[in-house]
Number of protein chains: 2
Amino acid sequence: MLVNEAYFAAKGWPSMFTLDNILDRFYPLPDTSKNAIMQLVEEVSYPKGHVLLTADKVERHIYFISKGIVRAYADTPTGLVTFWFGAEGDVALSMKSYISGEKSYEDIELLEDCNLYRINIEKLKALYQQDIHLANWGRKLTEYELVRTEERLIAMQFKTAEERYTDFINKNPEWLLRVQLGHIASYLGISQVSLSRIRAARR
Amino acid sequence: MLVNEAYFAAKGWPSMFTLDNILDRFYPLPDTSKNAIMQLVEEVSYPKGHVLLTADKVERHIYFISKGIVRAYADTPTGLVTFWFGAEGDVALSMKSYISGEKSYEDIELLEDCNLYRINIEKLKALYQQDIHLANWGRKLTEYELVRTEERLIAMQFKTAEERYTDFINKNPEWLLRVQLGHIASYLGISQVSLSRIRAARR
DNA sequence: CCAATATTTTTACAAATGTTAAAAAATACG
DNA sequence: CGTATTTTTTAACATTTGTAAAAATATTGG
């Protein structure tokens, strides 16, 4: 994808996220710990449209996105609502399955052909009990997600729909080229018609 | 507080959260680890109205609420917006200070006279590097906050103001007696007038 | 108990957002 | 290339929510 490469280069990122890049993103691991976790990793690839994990099922893996973009959505009385996008370097997971072993709240669907690294949750948690570096890595992983989730919550509570849209395109300019506006609208908590109005006002 | 005791009894909780109760809430700790963390704990009490921590300052402690109720709020263009309440058993902290050592986004103010346990963040993080049980305890602490934050975000994105209010009083019935409606309104992401309208419709 | 203050509700109107349906534009694919 | 399908925008109207100000209610402190 040419689009992605230009975007990565502009941010000074590698042109593809290797497993090494992704694991180091949260917490620097000594080699022995990194080897231990790499034992658990499986590489998988799925085509655009594939549903990575499904609501009302306990998901046994977490995924790291090496290439591609995905969305998490939930089935609500008003339709399918996207509440998360993940792209290169992000972790795609069901929080409920990962944290409390419960059924997932959401589907995660691939919006492009994706390369992913997959780790079995049960085995990962066993490592957390054996290796203090990995326990702290796991702590940082959750902290990272918490910061992102809190930012989203604050935006929903403090900001207007227009501000949330502006923030979205400033933070993720090329996502606009990779994701449908209808998905972005529900991610921002507004109808697609509202998003269209906001976009029209900015021209 | 009679109100609190009836509430605690109804939930099968202890009538006051001791440090022991609070520490075990996230993750069961072996005695040696529990002793290590207890070395760091200081008990503090402040009166209603006291500001526990302040926006734009790096907060060096996290607090566990043994007795009392507090709110976190941020100063926004539209006024002071409450975005979190904490009561007995909860952790009161600046995520930004705790996770990334940055300035707090919010004030935390005591809505009642409070008894708190305080832990120095820097010393706590040093323990995370030394004791695998505490590293996992810290992981669970963050996971617990993440689940709560994600639930809030989902409510903001998927639910109407009325549903959020209904959920609020179902989950925290006695908070209605302990917290001003104006604070609850901004917590729910609506104006106080809107909240009044919702309450009027329910009678 | 009373007066002062703070909080909550109500009212009237304005602004924002949602819904439905149709039109326009973009995309996919034979 | 051209048609079918999907996505996005626009329009019209209904509903929700916000703002400002006043009225009602509750709380506080002497």
Side-chain angles (χ1 to χ4, degrees), chain A residues 1-3 47-50 69 71 73 76-83 85 109-113 155-169 173-203, chain B residues 1-3 47-50 69 71 73 76-83 85 109-113 155-169 173-203:
Chain A
M1 282 274 146
L2 265 183
V3 168
K48 175 176 176 171
H50 177 78
I69 193 164
R71 71 166 182 136
Y73 60 90
T76 77
T78 52
L80 301 180
V81 179
T82 298
F83 69 92
F85 293 111
E109 173 201 37
L110 308 193
L111 301 176
E112 297 172 354
D113 296 349
M156 286 297 286
Q157 217 171 344
F158 295 179
K159 298 189 177 176
T160 64
E162 182 164 359
E163 286 173 310
R164 297 201 297 277
Y165 176 67
T166 303
D167 289 354
F168 181 86
I169 55 179
E174 46 70 87
W175 287 16
L176 215 50
L177 306 172
R178 299 171 76 184
V179 174
Q180 291 182 14
L181 289 172
H183 295 156
I184 294 175
S186 73
Y187 175 86
L188 295 174
I190 56 179
S191 68
Q192 180 159 5
V193 174
S194 269
L195 180 56
S196 254
R197 278 193 281 243
I198 288 168
R199 286 163 54 83
R202 293 165 59 95
R203 292 191 312 242
Chain B
M1 284 275 145
L2 266 183
V3 168
K48 175 177 175 171
H50 176 78
I69 192 164
R71 72 166 181 136
Y73 60 91
T76 76
T78 52
L80 301 180
V81 179
T82 298
F83 68 91
F85 294 111
E109 173 200 37
L110 308 192
L111 301 176
E112 299 171 354
D113 297 349
M156 286 296 286
Q157 217 171 343
F158 294 0
K159 298 189 177 177
T160 64
E162 182 165 359
E163 287 174 309
R164 296 201 297 276
Y165 176 67
T166 302
D167 289 354
F168 181 86
I169 55 179
E174 46 70 85
W175 286 17
L176 216 50
L177 306 171
R178 299 170 78 184
V179 175
Q180 291 181 15
L181 289 171
H183 296 154
I184 294 176
S186 74
Y187 174 86
L188 296 175
I190 56 178
S191 69
Q192 181 158 5
V193 174
S194 269
L195 180 55
S196 255
R197 279 193 279 241
I198 288 168
R199 287 163 54 83
R202 294 165 60 95
R203 291 190 313 241

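Just so we're on the same page: letters track the sequence lines, and every chain starts at 1.
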Should A/R202 and A/I169 count as side-chain neighbours, where that means a heavy-atom distance under 4.5 Å?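 Counting from C-beta outward, A/R202 and A/I169 do come under 4.5 Å.
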Q. Is any side-chain heavy atom of B/D113 closer than 4.5 Å to a side-chain heavy atom of B/K48?
A. yes
So, for [X] and [Y], which heavy atoms are closest and what is the spacing to 0.1 Å?
X: A/M156; Y: A/L188; answer: SD-O, 3.8 Å
X: B/E163; Y: B/F158; answer: OE1-O, 4.4 Å
X: B/I190; Y: B/A161; answer: CG2-CB, 3.5 Å
X: A/T82; Y: B/Q157; answer: O-NE2, 3.1 Å

Closest to the 5' end of DNA chain D, once B/K48 and B/I190 are matched to their nearest nucleotides, is B/I190
Specify the separation, in whole Å, of atom [atom1] of [X] and atom [atom2] of [N].
X: B/Q192; N: D/dT17; atom1: CD; atom2: P; value: 16 Å
X: A/F158; N: D/dG18; atom1: CZ; atom2: C1'; value: 17 Å
X: B/Q180; N: D/dT28; atom1: CD; atom2: C1'; value: 13 Å
X: B/L188; N: D/dT16; atom1: CG; atom2: P; value: 18 Å

In A/F83, A/F85, A/Y73, A/W175, the residue satisfying ring pair (Phe, Tyr, Trp, His ring centres under 6.0 Å) with A/Y187 is A/F85
First and last nt of DNA chain C near chain A, cut-off under 4.0 Å to heavy atoms, 5' to 3', are C/dT17 to C/dT20
Applying side-chain hydrogen bond (donor to acceptor under 3.5 Å, both in side chains) to B/D167 and not counting sequence neighbours gives B/K159
Within residues 194-203 of chain B, the residues having a heavy atom closer than 4.0 Å to DNA chain D are B/S194, B/R197
